[in-house]
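Values below: every heavy atom of this structure, side chains too, minus hydrogens, waters and symmetry copies. Bear in mind the structure is a predicted one, so any value in this text is a computation, not a measurement.
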Amino acid sequence: MGDASRFTFVQIEYSNGNWNPRPNTGNRLMWELMKRTSVEASIGTRSVRPGDKELFEYPFAYMSGDREFPPFSDSEISNLKLYLEFGGTLLIDDCIGKDNFGFDKSIQREIKRIFPNKSLEPLPLEHTIFKSFYLLNRAYGRIMEKTFLEGITLGNRTVIIYSHNDLGGAWAKDPLGTWEYEVIPGGERQREMAFRLGINIIMYALTGDYKQDQVHLPFIMKRRM
């Protein structure tokens with residue numbers, strides 16, 4: 001089906017904030033996704049505004065930042081809500097990881113506008129995200145602010161996945177092939193686990209609870225180490 005059938009790393013672009021603090025994040029993750037799985041992906045990334053109808057062409061979107069940003073417009077909030085309700089998955093990645101500070105403060109506000117009657121909740125280790133490709137027992141990233149992911153779930157599908165650990169910082173590699181950020185405190189093992197978590201999140205966005213079926217457990221176990 002050509003390039004149109006390839007998975008694309010789409011990033012939410014917003015105004016008056018730092019929407020792209022880790023510019024080389026998506027390219028590296030796409031390389032790893034294709035190397036480790038059967039998913040065909042585009043190496044180039046795309047940026048989409050929260051109010052763009054183009055957003056509906058992609059099953060997955062990534063939103064990152066390291067500082068506060070102004071509220072989205074009402075039309076942008078409506079578009080994001082519709083995108084999530086109609087099958088989209090949004091991964092939010094806080095590069096700082098401090099509660100009620102900077103990026104997190106703005107994200108908490110915007111999530112309340114999208115889903116006024118929902119609250120972010122920790123995702124249990126039994127969640128499909130932690131076993132959709134690799135078996136994982138906690139959240140990872142460049143830093144380890146929280147051992148868990150948070151999310152908003154509609155029905156049996158988690159539509160917003162929130163990481164406080166700067167996943168993008170662990171994935172980012174410059175054009176010369178050098179890792180851009182030190183991973184602390186766990187070093188390269190922690191970086192590897194951050195890649196595994198990123199791949200699990202993408203596989204969850206593509207397959208939902210397909211891997212929840214225990215018949216797949218023996219196959220997943222082989223990827224645990």
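Asn79 places no side-chain N or O within donor-acceptor distance of the main-chain N or O of Ser75, the cut-off being under 3.5 Å. The backbone N or O of Phe9 lies less than 3.5 Å from no partner atom in the side chain of Thr45, so there is not a single donor-acceptor pair. Arg191 contributes a side-chain N or O that, together with a main-chain N or O of Ala170, makes up a donor-acceptor pair within less than 3.5 Å. Judged purely by atom type and a 3.5 angstrom limit, Thr8 has no side-chain atom pairing as donor or acceptor with the backbone of Val10. Of the possible polar contacts, one joining the Asp93 side chain to the Gly168 backbone as a donor-acceptor pair under 3.5 Å is found. At least one donor-acceptor pair closer than 3.5 Å links the side chain of Tyr83 to the backbone N or O of Tyr58. Under a 3.5 Å cut-off, the side chain of Asp174 and the backbone N or O of Glu180 do not form any donor-acceptor pair. Side chain of Asn16 to backbone of Phe69: no donor-acceptor contact under 3.5 angstrom is found. Without hydrogens or angle criteria, Asn27 side chain to Asn24 main chain gives no donor-acceptor distance under 3.5 Å. Between the Arg6 side chain and the Ala41 main chain, a donor and an acceptor come within less than 3.5 Å of each other.
Under the 4.5 Å side-chain criterion, counting only non-hydrogen atoms from C-beta, Ser119 is in contact with Lys112. The closest side-chain heavy-atom distance from Glu32 to Trp171 is not below 4.5 Å. A heavy-atom distance below 4.5 Å is found between the side chains of Thr25 and Tyr62. When side chains are defined from C-beta on, Phe133 counts as touching Asn200, because their heavy atoms get closer than 4.5 Å. Within the 4.5 Å cutoff, no side-chain heavy atoms of Glu85 are placed close to those of Val159. A 4.5 Å side-chain heavy-atom check between Glu145 and Asp166 finds every atom pair outside the cut-off. Looking at Ser47 and Trp19, their side chains come closer than 4.5 Å, going by heavy atoms from C-beta outward. At least one side-chain heavy atom of Leu149 sits under 4.5 Å from a side-chain heavy atom of Leu197.
Both Leu136 and Leu29 are members of a single hydrophobic cluster when ILVMFWY side chains are connected at heavy-atom separations under 4.5 Å. Tracing side-chain contacts under 4.5 Å through hydrophobic residues (I, L, V, M, F, W, Y), one reaches Trp31 starting from Ile201; they form part of the same cluster. Hydrophobic clustering, with ILVMFWY side chains joined whenever heavy atoms are under 4.5 angstrom apart, groups Val39 together with Met34. Taking hydrophobic clusters as Ile, Leu, Val, Met, Phe, Trp and Tyr residues chained together by side-chain heavy-atom distances below 4.5 Å, Leu90 does not share a cluster with Tyr204. Residues Phe86 and Ile12 are members of one and the same hydrophobic cluster, defined by side-chain heavy-atom contacts under 4.5 angstrom among Ile, Leu, Val, Met, Phe, Trp and Tyr.
The minimum heavy-atom distance linking Asp104 with Asn100 is given by the pair OD2-N, 2.5 Å. When every heavy atom of Arg22 is checked against every heavy atom of Gly169, the shortest pair comes out as NE-CA, 3.5 Å. The two residues Gln11 and Ser64 come nearest to each other via the heavy atoms NE2-CB, 4.3 Å. In plain terms, the two heavy atoms of Ser42 and Met30 that are nearest each other are O-CG, 3.5 Å. Shown here for Gly88 and Arg157, the closest heavy-atom pair between the two residues is O-NH1, 3.0 Å. Taking every heavy atom of both residues into account, Gly141 and Val183 meet most closely at O-CG1, 3.7 Å.
Rounded to the nearest 0.5 angstrom, Glu126 CD and Lys131 NZ are separated by 7.5 Å. In this structure, CG on Leu120 lies 4.0 Å from CD1 on Ile111, to the nearest 0.5 angstrom. We find the CG-CG distance between Leu84 and Leu55 to be 8.0 Å, quoted to the nearest 0.5 Å. Rounding to the nearest 0.5 Å gives a distance of 10.0 Å between CE of Met203 and CZ of Phe7. Here Leu33 contributes atom CG and Ile202 contributes atom CD1; the two are 5.0 Å apart, rounded to the nearest 0.5 Å. Separation of atoms CG (Leu167) and CD1 (Ile92) is listed at 12.5 Å; rounding is to 0.5 Å.
For Lys98, the NZ atom is loosely surrounded, since the number of other residues' heavy atoms within 6.0 Å does not exceed 12. Around atom CZ of Phe56, more than 12 heavy atoms belonging to other residues, nucleotides or ligands sit under 6.0 Å away.
By the 6.0 Å and 45° rule, Arg138 stacks over the aromatic ring of Tyr140. Both tests do not hold together for Arg109 against Phe72: distance to the six-membered ring centre under 6.0 Å, angle to the ring axis within 45°.
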### Query
For Glu13 and Asn20, what are the C-alpha separation, side-chain angles and deciding distance, and is it a side-chain contact (heavy atoms from CB on, under 4.5 Å)?
CA-CA 8 Å; Glu13 178 180 351; Asn20 194 18; over 6 Å; no

#### Entry: Chi angles and distances behind the side-chain contact (heavy atoms from CB on, under 4.5 Å) call for Thr153, Lys118
CA-CA 8 Å; Thr153 300; Lys118 292 279 188 179; 5.8 Å; no

### Query
Should Arg49 and Ser15 be marked as a side chain to side chain donor-acceptor pair (under 3.5 Å) after you check the CA-CA gap, both sets of side-chain angles, and the distance that decides it?
CA-CA 9 Å; Arg49 304 282 302 184; Ser15 300; 2.7 Å; yes

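Between Asp99 and Lys146 there is a salt bridge, since a side-chain N of the basic residue sits under 4.0 Å from a carboxylate O of the acidic one. Arg36 and Glu192 are joined by a salt bridge, as a carboxylate oxygen and a charged side-chain nitrogen come within less than 4.0 angstrom of each other.
Using cut-offs of 30° and 60° for the angle between ring planes, the Tyr162 and His164 rings count as tilted.
Screening Asp94, Ile107, Leu91 against Met63 for a side-chain contact (heavy atoms from CB on, under 4.5 Å) leaves a single residue, Ile107.
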